[in-house]
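Scroll down for the structure; my scribbles are underneath it.
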2 protein chains.
Amino acid sequence: MNRNIQVTIIEDDDTIRNGYSFLIGNTEGYEVVSSYCSYESAALKIANDKPDVILLDIEMPGTNGIDAIPKLKKLLPHVYILILTVYESEKLIFEALANGAAGYLTKNTPSAKIIESIKEVKEGGGPMSINIAKMVIKSFQKNQESPLSKRETQILEQVCNGKSRSQIAKELFIDLETVRSHIKNIYVKLDVNSRADAIKTARENKLI
Amino acid sequence: MNRNIQVTIIEDDDTIRNGYSFLIGNTEGYEVVSSYCSYESAALKIANDKPDVILLDIEMPGTNGIDAIPKLKKLLPHVYILILTVYESEKLIFEALANGAAGYLTKNTPSAKIIESIKEVKEGGGPMSINIAKMVIKSFQKNQESPLSKRETQILEQVCNGKSRSQIAKELFIDLETVRSHIKNIYVKLDVNSRADAIKTARENKLI
DNA sequence: TAATTAATCACCCCATTGGGGTGATTTTTT
DNA sequence: AAAAAATCACCCCAATGGGGTGATTAATTA
């Protein structure tokens, strides 16, 4: 039979931490093995708690949640970390995910969804709040009204891959001079005059 | 008061299409305004149907779902497109999202989740199946055991941004020769000997 | 404490590149 | 018929990139 999902909570606000603790502790199949108010206090003992899932806040005194992720992963390589925070800034979300968070929920998330998400991460899923999912999906989307032509976009992509003019020419079966010409036109359209700036503008406007 | 959510289905399999049509048509607050078995047949009339949401399959005769997305968006700039498919390949998912899909569900998704997701996209959300969310989140995650040092990673990031050695040197307040040296070490560690290959390897191994 | 690893800087060489001009021809799309 | 996209050409020249070899000083780990 399945044993309870072991959960640790790291959250500096007492009220919130106790709230989650109560919610999870009183749900069939779940168990709160420990809860801490900071990364520092958790670091000392969490290796013994051996939780399956950590609910982690971002804003905390001492080490913040983002920086705590890799450290916690080092202490518990197989743990799943679920971020539970009020922050919805793109930067924080992507940093958290890049650092190894398995999911990202905002604090307005209904209890049922939190409980479900804990189970979901434990099973290898990647739960997100609706608004987070929206931002994440948006981050993939290309700008639909690019000023660049198809060929120019194609070449800009290669530039972003670090290819030299001659490498691009070979790959697209066109002359070196043609690549040159396209890049010049790209520069004019994007109002830049270097590869680095072209790449930056391309990324900012999601042209690639 | 709210009017029904107007849905169009584009799906080549008759059974599946009729199934969705029945499911959605019989749900309070939802309405199937039209359903087509291909992009081509939809293209002729969909502008008049004015759906809020399109459920779109990927594998279809003629124009496939991925390529249909931008075309549909051109016909109906404000429509939300929800991909509903059996495919779970990373490439397809990211292409679909890049092309402007608002959400991505796999066909094993329970009816209730499909219904909920239609509402969610209409409200600007980005619904995903659990397995898709997992892949999407994974795509953000950096490799935790990179062979590169912190400084090297930092420099590789700049290289990926198209910066020249001297630009990197300026930004990091170090000598040009130091940048050179770091890049040489990066090349050795990644077993490459050009910027383009370094970037490729870095991306493939999620070192950046 | 000893041994690595990381981070910093230096100078050799030289073919290639990148960016700035200016201009032209041929498809494709509108 | 007009406009936009894609192709190629040749001028100039400083800067860049990659290969070698080697050294000094932290910082980290064994």
Side-chain angles (χ1 to χ4, degrees), chain A residues 43 67 70-71 74-75 77 142-202 207-208, chain B residues 43 63 67 70-71 74-75 142-202 207-208:
Chain A
D67 296 332
K71 296 175 197 262
K74 222 168 190 177
L75 292 170
K142 264 197 196 177
N143 185 340
Q144 309 266 204
E145 63 239 2
S146 163
L148 304 181
S149 72
K150 263 191 184 169
R151 201 51 152 178
E152 285 163 355
T153 304
Q154 203 174 13
I155 284 171
L156 183 54
E157 270 164 11
Q158 301 302 312
V159 169
C160 289
N161 289 334
K163 303 274 171 70
S164 72
R165 292 172 186 165
S166 48
Q167 285 175 309
I168 298 174
K170 269 176 204 155
E171 284 191 35
L172 300 184
F173 304 106
I174 53 180
D175 195 275
L176 213 177
E177 285 302 322
T178 307
V179 176
R180 231 163 114 50
S181 172
H182 280 305
I183 292 181
K184 281 183 218 174
N185 290 331
I186 292 170
Y187 283 10
V188 171
K189 287 187 181 177
L190 301 189
D191 189 26
V192 298
N193 47 22
S194 76
R195 283 171 111 78
D197 285 341
I199 293 172
K200 195 178 166 212
T201 305
L207 304 178
I208 39 112
Chain B
T63 306
D67 296 332
K71 297 176 196 262
K74 222 168 189 176
L75 293 170
K142 265 197 196 175
N143 185 340
Q144 308 267 303
E145 62 240 2
S146 163
L148 304 181
S149 72
K150 265 191 184 170
R151 200 52 150 177
E152 285 163 355
T153 304
Q154 203 174 12
I155 285 172
L156 183 54
E157 269 164 12
Q158 301 302 311
V159 168
C160 289
N161 288 334
K163 302 273 171 69
S164 72
R165 291 173 187 165
S166 47
Q167 287 176 308
I168 298 173
K170 269 177 205 155
E171 285 192 36
L172 301 183
F173 305 106
I174 53 178
D175 195 275
L176 213 176
E177 285 302 322
T178 306
V179 176
R180 230 162 112 51
S181 172
H182 281 305
I183 291 181
K184 281 182 219 172
N185 290 331
I186 292 171
Y187 283 9
V188 171
K189 287 187 181 177
L190 301 189
D191 190 28
V192 298
N193 48 20
S194 75
R195 284 170 110 75
D197 286 340
I199 294 172
K200 196 179 165 212
T201 305
L207 304 179
I208 39 115

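All values below come from the heavy atoms of this structure, side chains included, with hydrogens, waters and symmetry mates left out. Throughout, a chain's letter reflects where its sequence line sits, starting with A, and its residues are numbered from 1.
For the pair B/L176 CG and C/dC12 P, the interatomic distance rounds to 15 Å; values are reported in whole Å. The CG-C1' distance, from A/D175 to C/dA24, rounds to 14 Å in whole Å. Put simply, CZ on A/R165 is 19 Å from P on C/dA15, counting in whole angstrom units. Going from atom CD of B/Q158 over to atom C1' of D/dT16 covers 17 Å, rounded to whole Å. Rounded to whole angstrom, the span from the CD1 atom of A/I155 across to the C1' atom of C/dG18 amounts to 15 Å. If you take CD1 of A/I168 and P of C/dT17, they are 11 Å apart, rounded to a whole angstrom. If you take CZ of A/F173 and P of D/dC8, they are 13 Å apart, rounded to a whole angstrom. When rounded to the nearest whole Å, the span between CD1 of A/I183 and C1' of C/dG19 equals 10 Å.
Listed nucleotides: C/dA7, D/dA6, C/dA10. Nearest to the side chain of B/K184: C/dA10. Relative to the side chain of B/K150, the nucleotides C/dG19, D/dA5, C/dA7 differ in distance, and C/dA7 lies closest.
Close to C/dG18, at under 4.0 Å from its OP1 or OP2, lies a side-chain N or O of A/R195. Applying the 4.0 Å criterion to OP1 and OP2 of C/dT8, one finds that B/H182 has a side-chain N or O inside that range. Contact annotation: A/N193 side-chain N/O to C/dG20 OP1/OP2 distance is under 4.0 Å.
In this structure, B/R151 reaches the sugar-phosphate backbone alone: every heavy-atom distance under 4.0 Å involves primed, P, OP1 or OP2 atoms, never a base. Counting non-hydrogen atoms under 4.0 angstrom, A/S164 reaches the backbone sugars and phosphates but no base. Contacts of B/S166 with the nucleic acid, taken as non-hydrogen atoms under 4.0 Å apart, involve only primed sugar atoms and P, OP1 or OP2.
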Check: Do A/N185 and A/S181 pass the side-chain contact (heavy atoms from CB on, under 4.5 Å) test, and can you show the C-alpha distance, the side-chain angles, and the key distance before you say yes or no?
Finding: CA-CA 6 Å; A/N185 290 331; A/S181 172; 4.1 Å; yes
Margin query: With side-chain contact (heavy atoms from CB on, under 4.5 Å) as the criterion, how do B/D197 and B/L190 come out once you've worked through the C-alpha distance, each side chain's angles and the decisive distance to 0.1 Å?
Written below: CA-CA 9 Å; B/D197 286 340; B/L190 301 189; over 6 Å; no
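The base of C/dG19 is paired with the side chain of A/R180 by a donor and an acceptor separated by under 3.5 Å. Judged by distance alone, with hydrogens and angles left aside, A/T178 brings no side-chain donor or acceptor close enough to the base of D/dC8 to form a pair under 3.5 Å.
Side-chain contact check for A/I174 versus A/V179: some heavy-atom pair is nearer than 4.5 Å.
The neighbour count for A/K200 NZ, taken as heavy atoms of other residues, nucleotides or ligands under 6.0 Å away, does not exceed 12.
With the nearest nucleotide of DNA chain C identified for both B/E177 and A/Y187, B/E177 has the one nearer the 5' end. Taking the nucleotide of DNA chain C with the nearest heavy atom to each of A/S194 and B/I174, the more 5' of the two is matched to B/I174.
With values rounded to the nearest 0.5 angstrom, B/L207 atom CG is found 9.0 Å from B/K142 atom NZ.
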